[in-house]
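A short worksheet on the structure shown next.
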Amino acid sequence: MADDTDLEALSSCALSAMARVRPVLDKIADKWTILILTVLCPRPSRFNEIKRRLDGITHKALADALKRLERNGLVTRTVLPTAPIGVEYAITPLGHSLRQPFEALCGWALAHGDAINNASTAYDRAREAE
């Protein structure tokens, strides 16, 4: 873990660059982006395959997210010469560059999800008791 001096420097750097950092984070740190890119990382996939693997995403939410990811250069959309016409989505090198931080974030979520749920439950119980 970084010492307090390193953390202060990192914090100062992030705050001074906030005008550049925030718009980028807004594009990659939403509800579905991490999961969509995780699905596409190993291999290109068609829309319905992505939807099946992301249990709970609506058709509209997935379509909107894929359009946004394509616009931001994180995925490509390829129309397949099939009947009926199919569309396949693939992660770009730019999108693939997010693999390591996303894997770290997913690992952190697995390691600390129970602690967060326990904290939320304790908080809710304390508020109910007030």
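Below, each value reflects all heavy atoms present in this structure, side chains not excepted, and no hydrogens, waters or symmetry copies.
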In chain order, what residues pass the side-chain hydrogen bond (donor to acceptor under 3.5 Å, both in side chains) check against D30, with sequence neighbours excluded?
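side-chain hydrogen bond (donor to acceptor under 3.5 Å, both in side chains) list for D30, sorted by chain: T33, R68.
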If you draw the axis of the six-membered ring of Y123, does the NZ or CZ of R127 fall within 45° of it and under 6.0 Å from the ring centre?
yes
Starting at [atom1] of [X], measure out to [atom2] of [Y] and round the result to the nearest 0.5 Å.
{"X": "R20", "Y": "M18", "atom1": "CZ", "atom2": "CE", "value": "12.0 Å"}
{"X": "S45", "Y": "R52", "atom1": "OG", "atom2": "CZ", "value": "9.5 Å"}
{"X": "T92", "Y": "L69", "atom1": "OG1", "atom2": "CG", "value": "9.0 Å"}
{"X": "D64", "Y": "H59", "atom1": "CG", "atom2": "NE2", "value": "9.5 Å"}
{"X": "R99", "Y": "L40", "atom1": "CZ", "atom2": "CG", "value": "12.5 Å"}

Are [Y] and [X] connected into the same hydrophobic cluster when the rule is that any two of I, L, V, M, F, W, Y join if their side-chain heavy atoms are below 4.5 Å apart?
{"X": "I91", "Y": "L105", "result": "yes"}
{"X": "V87", "Y": "L62", "result": "yes"}
{"X": "L25", "Y": "L98", "result": "yes"}
{"X": "I36", "Y": "V24", "result": "no"}

Check whether more than 12 heavy atoms from other residues, nucleotides or ligands sit under 6.0 Å from atom CG of D55, and answer yes or no.
no
Crowding at CG, L15 (>12 non-hydrogen neighbours, <6.0 Å):
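Counting other residues, nucleotides and ligands, CG of L15 exceeds 12 neighbours.
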Full working for side chain to side chain contact (heavy atoms under 4.5 Å, CB included) between C41 and L37:
CA-CA 6 Å; C41 213; L37 292 178; over 6 Å; no
Between [X] and [Y], is any pair of side-chain heavy atoms under 4.5 Å apart?
{"X": "F47", "Y": "E88", "result": "no"}
{"X": "R46", "Y": "T82", "result": "yes"}
{"X": "L74", "Y": "I28", "result": "yes"}

E49/R43 salt bridge by N-O under 4.0 Å criterion
yes
Which pair of heavy atoms, one from A61 and one from W32, lies closest together, and at what distance?
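Here A61 and W32 meet closest at CB-NE1, 4.4 Å.
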If you look at every heavy atom in L94 and N72, which pair is closest and at what distance?
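Shortest heavy-atom contact: CD2-O, 3.9 Å.
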Okay, side chain of S16, backbone of S12: is any donor-acceptor separation there less than 3.5 Å?
yes
Which residue, I57, V39, V75, L35, forms the side-chain contact (heavy atoms from CB on, under 4.5 Å) with I50?
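By the side-chain contact (heavy atoms from CB on, under 4.5 Å) criterion, I50 pairs with just one of I57, V39, V75, L35: V39.
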